[in-house]
Every structure is written in C-alpha cells, then in structure tokens.
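Quick one: the structure is below, and I'll ask about it shortly.
Remember, it's 1-based here, ligands and their atoms both numbered in the order they're listed. Side chains are part of it too, since the values below use all heavy atoms of this structure and drop only hydrogens, waters and symmetry mates.
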Amino acid sequence: MTKKNFDEIIKDSQDISNKWKQVPAPQRGEYIRLFGEELRQKKKELAETITKEARKIKTESLGEVQEAIDMCDFAVGLSRQLYGLTMPSERPNHRLQELWHPLGVVGCITAFNFPMAVFAWNFCLAAVCGNSIIWKPSPHSNECAKGIKEAWDKVSGEFSDLIQILEGGNEEAVSICKDARINLISATGSTQMGKELAPIVSARLGKLLLELGGNNAAIVCPSADLDLTIKGIAFSACGTTGQRCTSLRRLFVHKDIYDDCVSRLKQCFDELNIGCPSKDSSQIGPLISEDSFKTMQKTLNSLKNKNVSVIGGDRIEIEDPNEYYVKPALVLVKEIEEEMLSETFAPILYVKSYEDIKDAIHMQNNVKQGLSSSIFTNDIRESELFLSESGSDCGIANVNIGTSGAEIGGAFGGEKDTGGGRESGSDAWKNYMRRVTATVNYGEELPLAQGVEFDES
Ligand code: UN1
C-alpha cells in the first residue's frame with residue numbers, strides 16, 4: 001500500500017469516525033475485546049518488538065503488552081458504562097440529564113519509552129467512546145506502532161481505518177496540533193514538548209490532554225521496612241534504565257536510617273544486572289540513544305564539578321559499541337542542587353537526608369513537576385499526612401510502593417509541569433467525549449428556570 005499523505009489520513013479518519021460513532025458502544029467494546037484477544041496471542045512477539053526498538057528488558061516488555069491488554073479489558077467493561085448523570089430539575093415535568101457523545105478524531109502523540117501501552121490507554125478509551133485516532137508514534141518506535149496496527153487490522157474488519165499512523169517527528173506533531181479537524185490532542189512526552197505544542201492547540205481553542213515530565217520523589221521514614229523499600233527504590237530508579245516518566249529521581253531519607261539506607265542502596269545498585277535486554281538475566285538495558293547518554297553525563301559532570309558525591313553513572317561497553325549501557329548513579333547531596341530540579345531521563349537517583357516529615361514533603365513538592373510520589377513508612381500518621389491535602393501535590397501518591405509501575409485502573413497523570421491530564425482508568429474516558437446537558441420539558445406549561453416570568457400580556 002502506498003503511504004497516505006497528511007490530508008488523506010485526516011480525511012479517512014474523519015470518514016471512519018462518522019461511521020464508527022453510529023455503532024452502539026457495547027458493540028464497539030466487542031471490537032476492543034477481539035483486539036485484546038489478538039494482543040494476548042501476539043504478546044510474546046509484540047514484546048520482542050518493544051525490546052528490539054525501545055531496548056526494554058524482556059519482563060518489562062511483556063508487562064507493557066499486558067498493560068495494553070488490561071486497557072482492552074477495562075474498555076470492554078466501560079463500553080457498557082458510559083454513564084451520564086440525571087439531575088432533579090427545579091421545574092415540574094422536566095428532565096435534566098447529561099449525554100456523552102464522541103468527539104470525532106483524536107490525535108495521539110506517544111513517546112519511545114512506552115511505545116504500546118500509552119497508545120492503548122488512549123486508543124481503547126477513544127474507540128469505545130466512538131472516536132477514531134491518528135497516532136504519531138515516536139520516531140524510535142515505528143515498528144511497535146506497526147505491530148499494534150497489524151493486530152487491529154486482523155480484528156477490525158471494515159473499521160481498520162480507525163487507527164491511522166502518521167510517522168514522523170516534530171513537524172508532524174505540529175501539523176496535527178494545528179489542524180482543527182482533530183478534536184482532541186493527547187500528547188505524552190517532555191514538559192518542553194508540551195510547552196511547544198500546547199499553545200498551538202490552544203490558539204485554535206482545541207482540546208488537550210497532556211502527560212508530560214515528572215521529577216518523582218520518595219520519602220523513607222524511620223519505621224520503613226527497608227527490605228521492601230530498597231527493592232521499591234531500585235525498580236523505580238533503575239527499571240527501564242530510568243526512562244519512565246514515573247521513574248524515581250529524588251529520595252529523602254530520615255537521618256536516623258540514612259547511613260543504613262545508603263549503604264544498602266549502594267550494594268543493591270552494585271548488584272544490578274546490566275546487559276542485553278533480550279537476555280533473561282538482564283535487569284537494565286541500554287539508554288535509548290547517544291544523546292540520552294550525553295545528557296546524563298552532562299548532569300553528572302556538572303554535579304562532580306561542584307564536588308557533589310556521585311557514585312556510579314559510568315558507561316559500560318557491552319557487545320555493541322553503539323549502545324549506551326550505564327551504571328545507575330547514586331548522587332548523595334547535602335543541599336538541594338539545581339540539577340535535581342529538572343528531569344534527566346536516565347538512571348540518576350539523588351539522595352538527601354531529612355529530620356522532619358513536613359520538610360521532606362516540602363522538598364518533595366518543591367519542584368515544577370507533579371507526577372508521582374511515594375512514602376515508605378509503617379506509621380499511619382505519616383502516610384495519612386502524605387496523602388492529605390497538606391501532603392504530596394502529585395497526581396499519583398503511593399504508600400510502600402515505588403513511584404513507577406501504576407496499574408491501569410486508576411487515572412494516570414499529574415499536576416503542574418506534568419500537564420494536568422488524566423489518562424487510562426477511572427473516569428479518564430470523559431476526556432474523549434463531549435458532554436451535552438439536555439433539559440426536556442414533557443409538560444404542557446413553560447415554567448422558566450430561576451422563577452423568571454415572561455408572560456404574554
Ligand atoms: C510513562 O512513562 O510515560 O506507571 C508511562 C508506570 C507505567 C506507565 C508509565 N504504568 O510506570
């Protein structure tokens with residue numbers, strides 16, 4: 001098949017969305033059920049594509065396909081639960097009700113690090129809600145996008161066009177943001193990307209759903225179960241080679257357990273298995289690119305120049321000289337360093353001690369980003385404070401779990417520079433629909449709201 005041009009993609013997407021929206025939602029759900037079955041069958045193969053392109057370790061790649069399958073299951077149930085509220089009307093013989101209708105065409109921009117799951121968050125909801133989708137994957141993950149599209153094509157019959165892939169980079173992302181025929185832009189990527197794209201969409205008063213950078217922190221309290229804590233920290237900080245938006249970047253440890261915690265972390269980081277992601281034993285694969293490696297080194301060098309203690313962070317040459325494997329870095333800071341305030345998409349974990357839980361919460365919140373956060377404690381007062389309105393200001397707040405690895409059932413996203421969007425579970429589906437408030441008068445009179453009188457004289 002010849003490649004479609006931009007206009008053809010939009011036109012085809014609009015046409016199919018006009019047909020698709022007329023399919024009853026539970027029937028749309030049936031297509032998504034079949035799609036989920038197909039993903040189940042192809043799980044291994046799709047995971048291999050993720051490992052090949054995004055260089056994720058096997059178990060994480062399988063987990064990512066599972067996340068897409070979970071989204072299908074969730075969306076199938078949802079297809080019978082797109083509930084609108086009914087409110088009591090203040091007028092006699094009137095019904096006041098919310099109706100939810102599809103938006104039309106959704107533009108979805110995804111990043112290299114979750115090349116299938118984040119698309120599934122968007123697609124499964126968008127589809128059961130009655131929309132078509134134009135997907136611009138990261139230039140690093142075109143094969144993953146093809147794999148997903150093939151699975152959809154297998155089960156979608158006349159609705160194959162529901163997923164349109166627009167390959168490309170920044171220019172293509174800008175084109176879909178500019179185009180008023182696209183009714184929602186859902187974008188995952190860096191805060192900088194969000195700040196470039198958001199004004200373009202806003203200039204046409206378009207709808208936006210943003211899932212941008214994080215700078216996630218965890219607090220380790222004196223009562224924490226350190227075995228569980230170290231495991232949680234290691235997975236969140238080093239898993240996916242520190243390239244999740246939920247990766248753990250900053251750690252605040254109570255001064256009484258600081259030495260113990262740091263020595264255990266050093267040992268744990270030392271023992272992590274760095275190696276080819278398709279090997280079963282590997283826990284950490286390479287960074288996505290040379291650029292990522294350079295950015296990581298730049299951050300570490302600037303810390304070293306200030307005599308901050310940096311442990312690890314060096315390159316390890318394994319097999320292919322064009323791949324950038326690194327030892328995760330532990331950075332022990334006495335004060336908040338400027339580098340900690342921005343997100344370096346690599347395995348760097350800053351560790352600082354604290355005395356008072358309120359200071360720890362303040363340090364945790366005192367960054368521009370607001371995605372994920374954790375507390376490790378067995379003290380209910382501390383965990384409840386952390387979850388209260390005076391606690392974490394993030395969209396995700398975990399107790400005795402690391403910052404990464406959220407389930408699909410909850411809404412996913414964060415505040416401040418993270419963009420404010422919520423995707424995946426809970427009621428995130430509402431982002432993909434327009435709300436109509438319908439008032440129906442089934443009586444013989446025309447009473448006006450708020451008691452206004454307008455009688456003919
Ligand atoms: C991302 O990094 O953009 O919570 C998404 C997690 C995954 C999703 C991460 N379920 O870490």
Side-chain angles (χ1 to χ4, degrees), residues 39 47 50 53-57 59-74 108-125 135-138 140-141 144-145 186-194 197 209-218 231-249 283-285 287-288 292 343-347 349 369-374 392 394-399 401-415 417-426 428:
L39 297 182
I50 298 178
E53 265 192 328
R55 311 302 284 135
K56 286 196 190 187
I57 60 165
T59 173
E60 286 198 46
S61 295
L62 286 166
E64 166 146 19
V65 183
Q66 187 57 47
E67 192 161 347
I69 295 169
D70 293 345
M71 258 330 280
C72 291
D73 291 355
F74 179 82
C108 178
I109 298 167
T110 56
F112 78 86
N113 63 337
F114 272 84
M116 293 187 188
V118 171
F119 173 72
W121 292 354
N122 284 278
F123 172 64
C124 295
L125 297 189
W135 181 12
K136 198 213 77 63
S138 151
H140 289 288
S141 50
C144 288
S186 171
T188 300
S190 66
T191 295
Q192 195 198 331
M193 178 212 73
L197 297 184
L209 179 51
L210 295 175
E211 201 255 283
L212 309 175
N215 190 355
N216 317 302
K231 209 173 161 189
I233 294 170
F235 175 66
S236 280
C238 308
T240 332
T241 323
Q243 299 172 115
R244 287 192 191 210
C245 58
T246 49
S247 290
L248 177 61
R249 315 259 175 233
Q283 292 172 291
I284 305 178
L287 288 164
I288 189 71
S292 295
E343 180 189 40
T344 303
F345 222 56
L349 180 64
Q369 307 83 349
L371 180 56
S372 186
S373 57
S374 299
S392 163
C394 294
I396 297 172
N398 295 333
V399 178
I401 298 174
T403 52
S404 64
E407 301 174 20
I408 59 102
F412 184 99
E415 304 302 329
D417 267 9
T418 302
R422 291 296 185 280
E423 298 179 298
S424 147
S426 184

Open item on the list: Tell me if the aromatic rings of Trp135 and Phe123 count as close, with their centers under 6.0 Å from one another.
Closed with: no

Salt bridge or not for Glu60 and Arg55, using N-O below 4.0 Å? no

**Q.** Under 3.5 Å donor-acceptor, Glu53 side chain and Cys144 backbone
**A.**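 Present.
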
For Lys56, the salt bridge (charged side-chain N to carboxylate O under 4.0 Å, His left out) test, sequence neighbours excluded, returns Glu64

Has Ser372 got a side-chain atom pairing as donor or acceptor with Thr246's backbone, closer than 3.5 angstrom?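 Checking the backbone N and O of Thr246 against the side chain of Ser372, no donor-acceptor pair under 3.5 Å is found.
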
| query | Going by atom types alone, do Ser186 and Asn122 pair a side-chain donor with an acceptor below 3.5 Å? | reply |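 Side chains of Ser186 and Asn122: pair found under 3.5 Å.
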
Expected contact list for ligand 1 at under 4.0 angstrom, heavy-atom basis, is Glu67, Asn113, Phe114, Trp121, Glu211, Arg244, Cys245, Thr246, Ser404, Gly405, Ala406, Phe412

